[in-house]
Amino acid sequence: MEYEAIIGMEVHAQLLTRSKMFCACAADYAAAPPNTRVCPVCLGMPGTLPVINRRAVEFVVMTGLALHCRIADHSRFARKNYHYPDLPKGYQISQYELPLCSDGYLEIEVDGRVKRIGIERVHLEEDTAKLIHTGDYSLIDANRAGVPLMEIVSAPDLRTGEEARQYLTRLRTILRYLGVSSGNMEEGSMRCEVNISLRPAGTDVRGTKVEVKNLNSFRSVKQAIEYETERQRRLLESGERVVQVTMGWDEAHGRTVLQRVKESADDYRYFPEPDLPPLELSRQWVEEIRARLPELPEARRERFVRDYGLSAYDAGVLTADRDVADFFEAVVGLGGDAKGAANWITGEIFRLMNARGLEMGQMPIRPAQLCELMGLIQEGVITTTIAKDVLGHMVDTGESPGDIVRQRGLAQVRDTAALEGVARQVIADNPDAVAQYLAGKEQVLKFLVGQMMKATRGQANPTLAAEILKALLAGHRS
Amino acid sequence: MPLSLQQVEHIAELAKLALTDEEKERYRLQLSAILEYADMLQRLDLDGVPPMSHAVALTNITRPDEPAASSPRDEILANTPDHKDGLIRVRPILE
Amino acid sequence: MSAHALTIHEAGELLRAGDLSSAELTRAILERIHRLDPRVRAYLRVVPEAALAQAEQADAHLARWRREGGALPPRLLGIPLAIKDILCTRGIPTTCGSRILENFVPPYDATAVERLKAQGAVVLGKTNTDEFAMGSSTENSAYFTTRNPWDLSRVPGGSSGGSAAAVAADMALGALGSDTGGSVRQPAGLCGVVGLKPTYGRVSRWGLVAFASSLDQIGPIAKDVRDCAILLQAIAGHDPRDSTSVDAPVPDYLAALEGGIRGLRVGVPREYFVEGVQAGVADAVRAALRVLEGLGATLVEVSLPHTEYALPAYYLIAPAEASANLARYDGVKYGLSVRESADVWDMIRRTRGQGFGPEVKRRIMLGTYALSAGYYDAYYLRAQKTRTLIRQDFDRAFQQVDVLACPVSPTVAFPIGERAEDPLQMYLSDVFTLACSLAGVCGISVPCGFADGLPVGLQIIGNVFDEPTVLRVAYAYEQATDWHTRKPKLDEEV
């Protein structure tokens with residue numbers, strides 16, 4: 001029998017607010033020593049009370065709007081009750097009934113066709129403290145406790161690991177465009193859980209759902225889904241039953257391992273949070289938020305094709321990251337050639353970013369500098385080959401390309417007299433090649449030009465070098 | 001209907017309360033009596049009645065996203081039963 | 001008159017006139033606490049040094065003012081007050097009457113405490129309470145039971161029994177309590193003092209250790225209505241740290257006392273005058289109604305038809321909220337932690353099992369059950385809907401009348417131990433205060449006589465934010481009677 005996988009995803013993304021969800025502690029704890037971004041509220045001390053961070057609400061609404069969700073008129077927080085040492089109050093302030101956003105979708109591409117993945121809900125809650133497990137103890141750092149966390153729950157519309165990977169990638173792109181989350185999975189600012197069940201293809205049988213956690217990268221999401229799908233398929237094919245469990249992804253061994261058997265459904269005893277009055281999202285408030293939405297990746301990609309004559313592929317690559325797209329448009333805005341800029345960015349700049357492990361936002365290169373670099377090539381001051389070196393120096397030093405070219409003497413040599421000297425030397429040093437050329441093998445000229453480039457460390461203008469060589473060799477012939 | 005011992009044990013586990021056998025039995029009887037009394041609410045026709053979860057009709061009470069200083073760590077950990085190097089310590093967490 | 005017997009407003013006049021110093025007053029009270037509290041046991045902790053230091057600061061302020069003039073000093077400047085031990089006090093242990101917080105020292109003050117201190121009030125110490133305010137007698141305190149100053153074999157009521165007993169025994173000029181289902185009004189009634197539960201949202205709950213968040217309010221306990229107004233004036237008002245505190249102007253409660261009650265309509269809810277009310281209590285309250293009538297008020301019989309459902313609704317909603325509010329006490333971050341545990345779960349279960357007393361555990365169990373899968377709709381949700389009906393009862397009544405008048409408690413103070421074994425019987429002592437709490441309206445208890453030699457309280461309930469009218473009626477009644485001047489005879493027993 002053929003089976004198909006029914007996959008749903010729950011994504012948790014920390015919001016890039018300045019302060020925590022319900023208190024004024026700084027939300028950016030990455031570099032903070034343990035328990036130094038903590039106050040009585042986020043440590044759940046007796047008598048303390050939460051107050052809603054308005055920007056966090058607006059960030060979730062922005063996300064909901066970008067995901068085509070219905071924004072709730074009335075929304076409220078609820079207490080999700082469970083005990084865990086990383087949960088200071090013994091309950092998490094979350095949302096249950098009446099989430100901020102519901103019923104949206106996100107589009108991905110499958111086999112060249114657009115596929116809509118439903119978004120069931122987007123809601124707001126607070127993060128837990130960080131646990132560090134040592135042998136004899138578990139250690140708690142509450143810096144993370146109370147950081148705003150957005151939960152995005154997809155409909156079970158995904159079918160393959162690749163679809164899931166693409167869904168996540170696109171979701172992250174949107175979150176970054178909106179500026180609401182860094183979406184960094186490796187650092188845990190974006191976390192994802194996957195629900196997978198199998199059913200005979202084409203039926204609407206409900207299979208047993210298995211939850212997979214501990215997914216720390218896009219790659220692991222894809223691999224874990226593929227592994228887990230295969231595991232369940234084998235079970236079913238051998239006549240066994242899939243048990244409702246929570247599995248963890250074991251990155252090192254590339255497999256899912258049992259974490260917890262769900263004996264009975266969790267009983268979180270949700271009830272409306274009495275400390276927080278409900279939210280009324282008036283049309284006016286929602287429209288104010290909508291007006292703040294940036295252009296989203298899909299629209300921007302289409303515009304890049306339309307306005308700059310880029311290929312759909314290049315436009316897609318450039319718009320996948322808001323910083324990259326912004327950089328590109330800044331270069332074009334300064335008068336840079338669009339296709340040239342696209343080539344430089346998707347080629348050499350991406351290569352440098354990868355090599356150095358940097359994101360666009362961290363690259364010490366300004367749009368005006370790329371513009372200047374492209375201008376130097378166009379004016380014949382440097383060759384494309386030299387330009388690549390110059391770009392490397394730019395990234396290393398942050399200096400402008402003009403300065404680098406000047407300081408390092410990288411400008412093309414256009415001085416005919418100087419080049420003639422070099423050409424004479426090359427002719428003298430390569431009698432065999434000269435003989436071949438004179439015998440009619442004109443392609444040998446390229447070799448001789450190459451020797452001139454080598455001798456000038458690439459600074460010779462190749463066209464000029466070829467002309468001078470030809471002229472001098474013509475003299476030899478006669 | 002009176003609660004069963006199993007129900008009492010289930011509730012105690014949800015609430016993370018270690019109870020003695022004597023306590024379990026006492027709470028079983030007392031909770032059963034209170035719930036039986038509370039059953040008078042079943043007499044009321046509550047169709048269409050909205051639940052009241054807040055005693056005052058406020059909405060949209062929020063604060064601006066402005067960070068302020070956190071507490072000094074010494075103050076935060078002053079009441080903590082066990083901590084070391086700025087981290088709160090507990091016995092290992094086993095599922 | 002001895003200094004300890006003064007009211008806040010009397011003491012304030014003497015302090016401003018320079019006829020009494022705050023240090024003298026504070027010393028007199030501390031001396032009285034030292035002498036009487038071993039029998040009354042109102043205080044869990046007294047902080048004499050800190051109190052005297054605050055008193056001396058107040059004296060310096062008063063001296064400067066008398067010398068240099070300027071704005072009138074705050075009414076509470078130099079006034080020694082007691083704080084229920086469920087309100088956080090910076091640097092002073094705050095136990096909530098529980099073993100689980102035995103050594104907890106908050107690094108912050110409750111807003112209400114902060115506001116008293118801002119006026120220069122003197123904090124004497126922390127008063128006894130039923131554990132986490134769950135109880136009606138202080139018998140649920142993990143430490144000891146407070147005695148009723150009128151009869152030391154009887155309870156003072158609860159949960160703010162320590163605060164009420166301290167004020168009744170002249171061991172504080174006034175006090176703060178908290179009222180979730182009657183915990184200010186009932187002990188005030190049983191101890192023969194004045195206690196007010198403000199409208200939900202009137203006083204910030206920041207620093208009030210939560211029992212049932214949608215019901216809890218901090219309220220003043222005082223020797224007379226004027227003092228009660230002075231205390232309310234000090235603590236009322238918006239606080240951005242409590243999202244349920246209302247940002248509405250605070251009226252002048254002292255100005256509101258004047259003007260009498262001629263023409264005022266006083267509702268008499270028939271559901272509060274039923275069998276089960278002790279005869280002496282019913283007599284005293286009916287007599288009080290006649291006094292109000294004599295002052296020109298019109299008595300109007302009204303009905304609050306869902307009154308009988310208040311008790312079951314309350315005993316589902318409050319424990320449900322409490323079950324979540326008390327989940328934080330797990331031995332990890334603060335408070336008791338049972339060390340010799342195999343793993344963290346064992347530690348949490350045992351800490352909670354040993355750290356909480358029987359009533360707290362009972363309510364956590366009840367609340368957990370009421371919220372649990374399969375029972376939420378039948379219990380918690382039904383209770384919340386019932387709460388709507390109870391609120392509507394009051395809305396309708398307040399279309400007809402200005403205030404409601406009724407007993408605070410069906411009986412006078414009961415003997416210690418009498419109801420300790422039967423939770424339902426204990427819960428019934430709150431039967432007349434619960435509906436007001438569920439509705440979120442305000443209510444006051446004023447002394448209105450005695451039954452069997454024990455004080456009886458008259459409850460006056462007002463509409464939301466109508467504390468001015470409630471205080472005016474209470475004040476008019478008080479001015480026409482002298483119950484509030486009666487004192488228990490503690491000194492003679494020494």
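Letters go in sequence order (proteins before strands), and every chain restarts at 1. What you are looking at is a predicted structure, and each value in this text was computed from that prediction instead of being measured. In what follows, every heavy atom counts, from backbone to side chain, and hydrogens, waters and symmetry copies are set aside.
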From Arg205(C) atom CZ to Leu49(A) atom CG, the distance as rounded to the nearest 0.5 Å: 5.0 Å
Taking the side chain as C-beta and beyond, is there a heavy-atom pair between Leu101(C) and Pro46(A) under 4.5 Å? yes
Under a 4.5 Å heavy-atom cut-off, does chain A meet the side chain of Ala212(C), its backbone, both or neither? neither
Is it the side chain or the backbone of Arg349(C) that comes within 4.5 Å of chain A heavy atoms, both, or neither? neither
How would you list, in number order, the residues of residues 268-290 of chain A that have a heavy atom less than 4.5 Å from chain C? Arg269(A), Tyr270(A), Phe271(A), Pro272(A), Pro274(A), Asp275(A), Leu276(A), Pro277(A)
pair His83(A)-Val344(C): side-chain heavy atoms closer than 4.5 Å: no
Scan residues 319-338 of chain C for pairs that pass ring pair (Phe, Tyr, Trp, His ring centres under 6.0 Å), counting only residues two or more places apart or in two chains. Phe104(C)-Tyr334(C), Phe132(C)-Tyr329(C)
Whatever's closer than 4.5 Å to a heavy atom in chain A on Asn325(C) counts as both
Measuring heavy-atom distances to chain A, does Tyr200(C) have an atom under 4.5 Å in its side chain, in its backbone, in both, or in neither? side chain
State whether the side chain of Lys333(C) and the backbone N or O of Gly44(A) hold a donor-acceptor pair below 3.5 Å, judged by distance alone. no
For the interface with chain A, which of Ile86(C), Asp330(C), Thr94(C), Leu208(C) has the highest count of heavy-atom pairs at distances below 4.5 Å? Leu208(C)
Show every ring pair (Phe, Tyr, Trp, His ring centres under 6.0 Å) that has at least one partner inside residues 8-33 of chain A, sequence neighbours left out. Phe22(A)-Phe77(A)
Counting only heavy atoms not in Lys209(A), do more than 12 fall under 6.0 Å of its NZ? no
What residue, out of Gly90(A), Pro88(A), Pro85(A), has the most heavy-atom pairs lying under 4.5 Å from chain C? Pro88(A)
Side-chain (Arg79(A)) to main-chain (Ala324(C)) donor-acceptor, under 3.5 angstrom: no
Is there a side-chain contact (heavy atoms from CB on, under 4.5 Å) between Tyr84(A) and Val332(C)? Walk through the geometry before answering. CA-CA 10 Å; Tyr84(A) 211 83; Val332(C) 174; over 6 Å; no
Those residues of residues 363-374 of chain C, ordered by number, that approach chain A below 4.5 Å (heavy atom to heavy atom): Thr368(C), Leu371(C), Ser372(C), Ala373(C)
Taking side chain as everything from C-beta outward and backbone as N, CA, C, O, which of these in Pro106(C) sits under 4.5 Å from a heavy atom of chain A? Side chain, backbone, both or neither. neither
